[in-house]
Amino acid sequence: EMLEKNTWISEAELYLDSRDVLHILVTEKEPVARVFTAGGNSFYIDAAGHQMPLSELHSALVPVFTGFPDKKVYTGADSILLGHVRKTAAYILNDPFWMAQVAQINITPERNMEIIPVVGNHIVKLGDGEKIEAKFNRLMVFYRQVVSKTGFDRYKLIDVQYKGQVVASRYAGDPKVDSVQLR
């Protein structure tokens, strides 16, 4: 019971065999993401989506999410967002390319996710965590067919949140155009 109360242990089993030898089987929880809240707090989540405290002994190499709502009591929408974070993190963890390419994922106030990549000076808008595999597949196709020819710094914004399309822009926001300069 004492071992199972530890937040880093999911299951512990102790038993004595016929020779009075104590056997201990411990299953550790594996973090899949590190989440930073908007208020600056931080925690890990495991594969089941449960929060885990930070460890003083080691730091896990997992995807980093920033901008999660900082509340004492989470709502249903927060639980859905945490589920999207878990699904996105699990996908990134299982792909060596994305693990190396994704520096962090920002959560916007609208509860959408944006990737800050390691290579390139652009932002990738993912939207929510639904159909995350299809979104990463579209992004990979864009990287292979377009970015490989134009370079990682040509586009400032790549949007893969819409089904069946990739929207790329050379401007990160709405560019302000001066009518005199335009003429």
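Every heavy atom of this structure was used, including side-chain atoms; hydrogens, water molecules and symmetry mates were not. Because the structure is a prediction, the values reported are computed rather than measured.
Through chains of ILVMFWY side-chain contacts below 4.5 Å, Leu14 is grouped with Leu3, Ile9, Leu16, Leu22, Ile24, Val26. Here Leu61 is tied to no hydrophobic group at all, with no ILVMFWY side chain closer than 4.5 Å.
Legend: residues meeting side-chain contact (heavy atoms from CB on, under 4.5 Å) with Asp78, ordered by chain and number and at least two apart, are Pro69, Lys71, Tyr74, Thr75, Arg111. Not counting sequence neighbours, the partners of Asp128 by the salt bridge (charged side-chain N to carboxylate O under 4.0 Å, His left out) test are Lys135. The side-chain contact (heavy atoms from CB on, under 4.5 Å) search around Lys125 returns Glu114, Leu157, Asp159, Gln161, not counting sequence neighbours. Residues passing the side-chain contact (heavy atoms from CB on, under 4.5 Å) test with Ser148, sequence neighbours excluded: none. Partners of Phe43 according to the ring pair (Phe, Tyr, Trp, His ring centres under 6.0 Å) rule, which considers only residues two or more places apart in sequence or in another chain, do not exist here. Scanning for side-chain contact (heavy atoms from CB on, under 4.5 Å) contacts around Ala60 gives Pro31, Tyr44, Val62, with sequence neighbours left out.
Counting non-hydrogen atoms of neighbouring residues, nucleotides and ligands closer than 6.0 angstrom, the CD atom of Glu133 reaches no more than 12 such neighbours. The number of heavy atoms from other shown groups lying within 6.0 Å of CZ (Phe97) is above 12.
Ile107 is listed as a side-chain neighbour of Val85, based on a closest heavy-atom distance under 4.5 Å. Using a 4.5 Å heavy-atom threshold, the side chains of Ile116 and Ile123 count as touching. Counting only heavy atoms from C-beta outward, the side chains of Asn121 and Lys156 approach each other to under 4.5 Å. Side-chain contact check for Val32 versus Ile45: some heavy-atom pair is nearer than 4.5 Å. Side-chain atoms of Val166 and Ile158, non-hydrogen and from C-beta on, do get closer than 4.5 Å to each other.
By the rule that hydrophobic residues join a cluster once side-chain heavy atoms approach within less than 4.5 Å of another member, Val102 and Leu93 end up as members of one cluster. Under the 4.5 Å side-chain heavy-atom criterion for ILVMFWY residues, no single connected hydrophobic cluster contains both Ile80 and Phe65. Hydrophobic clustering (side-chain heavy atoms under 4.5 Å, transitive across Ile, Leu, Val, Met, Phe, Trp, Tyr) keeps Met113 apart from Val167. Under a hydrophobic-cluster definition in which Ile, Leu, Val, Met, Phe, Trp and Tyr are linked whenever side-chain heavy atoms come within less than 4.5 Å, directly or via other members, Leu54 and Val64 are assigned to different clusters. By the rule that hydrophobic residues join a cluster once side-chain heavy atoms approach within less than 4.5 Å of another member, Ile115 and Phe36 end up as members of separate clusters.
Gly120 and Phe152 get closest at one heavy-atom pair: CA-CB, 3.6 Å.
Atom CZ in Arg138 sits 9.5 Å away from atom NZ in Lys131 (nearest 0.5 Å). Atom CG of residue Asp46 and atom CH2 of residue Trp8 lie 9.5 Å apart, to the nearest 0.5 angstrom. One distance of note links CG of Leu82 with NE2 of His50; it measures 9.5 Å at 0.5 Å rounding. Asn112 contributes atom CG, which lies 12.0 Å from atom CG of Asn106 (distance to the nearest 0.5 angstrom).
Screening residues 88-103 for side chain to side chain donor-acceptor pair (under 3.5 Å) gives Gln101-Tyr143 as the qualifying pairs, with residues at least two apart or on separate chains. Sorted by first then second residue, the side chain to side chain donor-acceptor pair (under 3.5 Å) pairs that include residues 10-21, not counting sequence neighbours, are Asp17-His23. Pairs engaging residues 58-69 under the salt bridge (Lys or Arg N to Asp or Glu O under 4.0 Å) rule: none recorded [sequence neighbours left out]. Among residue pairs with one or both ends in residues 26-41, those qualifying as side chain to side chain donor-acceptor pair (under 3.5 Å) are Arg34-Ser42, Asn41-Asp70; sequence neighbours excluded.
When each of Val124, Ile92, Val141, Val160 is paired with Phe136, the side-chain contact (heavy atoms from CB on, under 4.5 Å) condition holds for Ile92 and for no other.
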